[in-house]
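Here the structure comes first, spelled out in C-alpha cells, and everything after it is commentary.
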There are 2 protein chains.
Amino acid sequence: MELSDRKKKILQAIIDDYIASAEPVGSSHILKNHDLGVSSATIRNEMASLEEAGYLEKPHTSAGRVPSYLGYRVYVDQLMNEYRLSIAEINQITHALGKKYIELRRAIDSISDIMSALTDYTAIYTTPSSSLVTISNIKLIAVEARSFVVVAVCHDGSVRNRTIRTAKAYEAEVLEKLSNYLSYRFAGCDVSEFTPEVLSAEKELIPVDGALIDSVFDFLSDIANEAETVDVVLNGTTNIFKHPEFNDIGRTKEFLNFLKKDNSKMIKSLLSATGDTTSVIIGNENPVLKDKDISLVVSNYSLGGSMKGKLAIIGPTRMDYAKVISTLDYLTACINDVMGNDKGDDQT
Amino acid sequence: MELSDRKKKILQAIIDDYIASAEPVGSSHILKNHDLGVSSATIRNEMASLEEAGYLEKPHTSAGRVPSYLGYRVYVDQLMNEYRLSIAEINQITHALGKKYIELRRAIDSISDIMSALTDYTAIYTTPSSSLVTISNIKLIAVEARSFVVVAVCHDGSVRNRTIRTAKAYEAEVLEKLSNYLSYRFAGCDVSEFTPEVLSAEKELIPVDGALIDSVFDFLSDIANEAETVDVVLNGTTNIFKHPEFNDIGRTKEFLNFLKKDNSKMIKSLLSATGDTTSVIIGNENPVLKDKDISLVVSNYSLGGSMKGKLAIIGPTRMDYAKVISTLDYLTACINDVMGNDKGDDQT
DNA sequence: TTTAGCACTCCAAAGGTTCGAGTGCTAAAG
DNA sequence: CTTTAGCACTCGAACCTTTGGAGTGCTAAA
C-alpha cells in the first residue's frame, strides 16, 4: 500500500517523537510539535488508518501510538532525515583514529569503543579475520638451551607464534635448517592445508628428530583450526542504562542475556547474514530477535586490506537510527581509509 | 570482644541462612533450622547482643537480622564451614584445563569462564604480565618485497611482533644482518630500557638506512610502553541475575557501572592491593566499594613461570564465600600446577 | 539465666479511588 | 467527500487505605 504524503508526514512525526521521548505519541502532541495544518481529529483518523495498515500500534486503548516493526522499517527506508555529525564528533573520531596500536585488534576495539560512546548504544564487532591466510615464512628462533619460538609469518602480515620447550637441546643450526626447509615447503600454502594427513606425510620426508617436528606440526595444525575462530566483542554495554526501556529489570536481563558469551554463535550468524552495505535489522525481522525488541545496525570494516569483520550497534528497537547509521557509516569509511593503506599490513 | 561459643553458633547460623535465602533471618527460623537447644527468646537476646556488638543489622524493627560487614568478616575468618568441591565440579575443571590453547590469554580466559560458571558469580582477571621482560632475540623476517615482520622474542617465552611496510625494498641480507646485530646488542636487555635516548644513541651506531632503523625502533619503543599494560577482563557478568539482589534495577546498574571499562583502573588497583594469598574484600572494607554492597575474593595465578596475574570473583556482599574461596583456591592451584611447567606459549 | 506471653511495629500485598491523556464516534461545517 | 468540534468512554499510573503476619523487645515467672 502506497502511503499518501500526509500519512508519511504523520508517520515520520510520530516515529521521530517516539524515538526522542520513549512515550507513546498522541494526536494532540503531533498537532503541537509539528506543523501539519490539520486538526487533531484528522490526525486521529490518519493514525487509525496507519494502525490498520500495520505501521502503528497501541499499547492500550487510551494511550498514544507506538511504531510497529513495519513502521520502523518504512521509517528507516524512506522517512527519516539524515543525521549530520557535529564537528566535535568528527574530531573525536579523527583523534581516536590517529593513535598507534601495537595490534590491529586494539585498533578495532578502540574504534568500537568510540562508536558506543558517540551513539550511547552498545557496540559489537567481530574480530578481524582473513578469508585466506597463506604462509610466507616459518622461523624457529632459539630462546634458551631447551626452548625455542616458532613463528609463522603470513602474506597478509599477520603472525602466529608459540614457544616450545623440548626435552633435549637442539643446535641453532638444526633449527635454522628446519626453518629454511619449512619456509620453502609451505610458502604460499593456505593454513587450511595443514591437515593431519598432509602433516604426517610430510613428517616422513624430514630427516630431523621426530619430537621436534611433532611439536612444530602441532602448532601448525592448531593455527589451521584457529584460522576460522572469530570472536564477538562488546563495548559500551552499560550504555543501555541511558535509555528508559532499561529501567525495567526484565528487559535488561533479556538484553544482557542475549549478548552473553554463550550466545555469541547466534550473534555471529546474525551479523554475518548481512551484506556488504550497512544494513538495519529491526526487531522481529530476524526470528532470532523474536519479541526481544532489539535492533541492530551492521556494517563492514576492513583493516589493512584482507582483514575484515563486522562492526555493529545493538540497542532497543526505539533506536536513533538516523544518528547510528550516519555515525557507523562515517566511522567505517574512516577506518577503511586510514587503516587500508599506510597502517598495518597488506599484500600488494 | 571475644564471642561466646553460643554467640558464634548463632552468628554462623544466621549468616549461613542469610547467604542461602537472601531473606533477613528471624529468631524462630534459627530455632527451626538449627539445633541450639535454646528457645527463640534466648536466641532473640543473643541476637540483640550481637547487633549491639556490630555483627548484625536490622533492616527495620519488625524484620529479622542481616549480617553487617563486620559480621561477614568474622564469618569468613572464623566461622564458615569449608566447602568441598563435588566430583562433577572437579571433573569440569580438569577437563577445561586439559584443552590446548594457541595463546595463554585464551587459557586464562577460559579458566575464568569456568570459575564464573562454577560459582554463579562474575569472574575478573587481569591479563598475565611479567614484571621483567628481557629480550632474547630480535628477528626481521621478509614477507614481501617491501614489507617485513619484526619479531622480538623474550626470555619468558613471550613474543611481540609487528608488520612493517617500507617505501623501498631491502635485501634479505640487510634484514638478516640487522637482525643479528640487534639480537646481539639487545640480548638480555629489559624492554623498559628502550627509551628514546637509548634508541636514538644506538641509531647513530648502525650503518643502515635510517628509515629502516626508525621503523624497528618505533616498534621497540612501543613494546616498552606496552609492557606495563594490564587489562581487566570480565566473564559471567550476567550471572548476577541468578541472585535476588539484582532483581532491583538500581542495584544492577550500580554493579554493572562499577565493572565497566572506564573503571578498570580502579578495579586494577583494587586487585593489585591484595597480597600473595587468596584474600577477601568485604563491602565497605575498601573505600572504593563504599555502600556498593560488593565483595571480592581475589587470588593469584601464574602461567609458565613468569607470567602472573590476579583472578577474582566479584559479587554481592551476600556471597557464598565458602564455595567461592574453595573453588578459587582449587582452580588457581591447578593452573599453577598444569601451566607452570610444560605448557608455555604466547603470542602478541 | 532462660523462657512463655504479649503488646507493639512496620512492611508487603491487596484493594480502592482519582486523574488525565488519549481514543473513537457522531454530527455539523467546509 | 473531507475535515473538524464536541463528547462520552477507556484505562493505566499514581496515590491512598486496609489488612495480615512476621518479627521484635519487654516483663514476669520458672
Side-chain angles (χ1 to χ4, degrees), chain A residues 3-11 13-15 17-18 20-53 55-68 71 244-245 247-251, chain B residues 3-11 13-15 17-18 20-53 55-68 71 244-245 247-251:
Chain A
L3 293 171
S4 72
D5 257 21
R6 193 172 67 186
K7 281 207 173 67
K8 280 187 184 173
K9 270 190 191 149
I10 290 177
L11 184 56
I14 293 173
I15 303 187
D17 282 12
Y18 183 64
S21 73
E23 300 287 340
V25 182
S27 53
S28 50
H29 251 261
I30 300 289
L31 187 68
K32 214 184 301 168
N33 303 327
H34 302 263
D35 231 10
L36 291 167
V38 290
S39 74
S40 70
T42 308
I43 296 174
R44 268 205 295 288
N45 286 333
E46 294 286 51
M47 281 164 90
S49 147
L50 283 166
E51 183 182 351
E52 201 179 0
Y55 300 109
L56 294 175
E57 277 166 7
K58 257 189 306 197
H60 55 86
T61 332
S62 70
R65 297 306 206 294
V66 156
S68 68
E245 21 272 283
N247 284 334
D248 178 70
I249 185 70
R251 188 78 196 275
Chain B
L3 293 172
S4 72
D5 257 24
R6 192 171 69 187
K7 281 205 173 69
K8 280 186 183 170
K9 269 189 192 151
I10 290 176
L11 185 55
I14 292 172
I15 303 186
D17 281 13
Y18 184 64
S21 73
E23 300 287 342
V25 182
S27 53
S28 51
H29 252 262
I30 300 288
L31 186 71
K32 215 184 298 167
N33 302 326
H34 303 264
D35 229 9
L36 291 167
V38 290
S39 75
S40 71
T42 308
I43 296 174
R44 266 202 298 287
N45 287 332
E46 294 285 54
M47 282 165 89
S49 147
L50 283 165
E51 183 181 352
E52 201 179 358
Y55 299 109
L56 293 176
E57 278 165 6
K58 256 189 308 198
H60 57 86
T61 333
S62 70
R65 297 305 205 296
V66 158
S68 69
E245 21 272 281
N247 285 334
D248 177 72
I249 187 72
R251 188 77 197 276

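Order of the sequence lines sets the chain letters (A, B, ...), proteins ahead of strands, with each chain counted from 1. Since the structure is predicted, the reported quantities are computational estimates derived from the model, not experimental observations.
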Starting at atom CD of Glu46(A), determine the distance to atom C1' of dT23(C), rounded to an integer number of angstrom. 16 Å
Distance below 4.0 Å between Ser28(B) side-chain N/O and dG23(D) OP1 or OP2: yes
Let me know the distance between CG of Leu31(A) and C1' of dT23(C), rounded to the nearest Å. 15 Å
Value in whole Å for how far the P atom of dG23(D) lies from CD1 of Ile30(B): 10 Å
Taking OP1 and OP2 of dG25(D), is either one under 4.0 Å from a side-chain nitrogen or oxygen of Lys58(B)? yes
What one-letter contact string describes nucleotides 9-19 of chain D from 5' to 3', where B marks a base within less than 4.0 Å of any protein heavy atom, S marks contact via sugar-phosphate atoms alone, and - marks no contact? -BBS-------
So, the side chain of Ser68(B) versus the backbone of Tyr55(B): is there a donor-acceptor pair under 3.5 Å, distance only? yes
Return the polar atom pairs (N/O with N/O) between nucleotides 26-30 of chain D and the protein under 3.5 Å, or none.
none

Donor-acceptor contact present, side-chain Thr42(B) to main-chain Val38(B), <3.5 Å: no
Shortest side-chain distance from Thr42(A), nucleotide among dT4(D), dG23(D), dG22(C): dT4(D)
Output yes when at least one side-chain N/O atom of Arg6(B) is less than 4.0 Å from OP1 or OP2 of dT1(C), else no. no
Taken in chain and number order and not counting sequence neighbours, the residues that satisfy side-chain contact (heavy atoms from CB on, under 4.5 Å) with Asn45(B) are none
Can you list the residues that meet the side-chain hydrogen bond (donor to acceptor under 3.5 Å, both in side chains) rule with Ser28(A), with sequence neighbours excluded? none
Ile43(B) CD1 to dT3(C) P, straight-line distance once rounded to whole Å: 9 Å
Going by salt bridge (charged side-chain N to carboxylate O under 4.0 Å, His left out), name the residues that satisfy it together with Lys58(A), two or more places apart in sequence or in a different chain. none
Asn247(A): side-chain hydrogen bond (donor to acceptor under 3.5 Å, both in side chains) partners, not counting sequence neighbours: Lys253(B)
Results of salt bridge (charged side-chain N to carboxylate O under 4.0 Å, His left out) for Lys8(B) - residues two or more places apart only: Glu2(B)
Write out all pairs satisfying salt bridge (charged side-chain N to carboxylate O under 4.0 Å, His left out) with one or both partners inside residues 30-45 of chain A, taking only residues at least two apart or from two chains. none
Pair Arg6(B) + Glu46(B): basic N to acidic O under 4.0 Å: yes
With 3.5 Å as the limit, what N/O pairs link the protein to nucleotides 27-30 of chain C?
none

Nearest-nucleotide check on DNA chain C, Ser40(B) vs Pro59(B); residue mapping nearer the 5' end is Ser40(B)
When Watson-Crick pairs (N1 to N3 and N6-O4 or O6-N4) and G-U wobble pairs (N1-O2 and O6-N3) count only below 3.5 Å on both distances, what is the dot-bracket string of DNA chain D, with | for other-strand pairs? ||||||||||||||||||||||||||||||
Grab the two heavy atoms, one from Ser27(A) and one from Ser40(A), that are nearest each other, plus how far apart they are. CB-O, 3.7 Å
To the nearest angstrom, the NZ-C1' distance between Lys32(A) and dA21(C) comes to 11 Å
Heavy-atom closest pair, residues Val25(A) and Tyr18(A): CG2-N, 3.8 Å
Between CE of Met47(A) and P of dA21(C) the distance, given in whole Å, is 15 Å
Partner residues of Glu23(B) under the side-chain hydrogen bond (donor to acceptor under 3.5 Å, both in side chains) criterion, sequence neighbours left out: none
Can you tell me the distance, in whole Å, between the CG atom of Asp17(A) and the C1' atom of dG22(C)? 15 Å
Where the side chain of Arg65(A) is concerned, which of dT23(C), dT3(C), dT24(D) is the nearest nucleotide? dT23(C)
Under-4.0 Å salt bridge between Arg65(B) and Glu51(B): yes
Distance in angstrom units between Leu50(B) CG and dT24(D) C1', rounded: 15 Å
side-chain hydrogen bond (donor to acceptor under 3.5 Å, both in side chains) with Glu245(A): which residues, sequence neighbours excluded? Arg318(A)
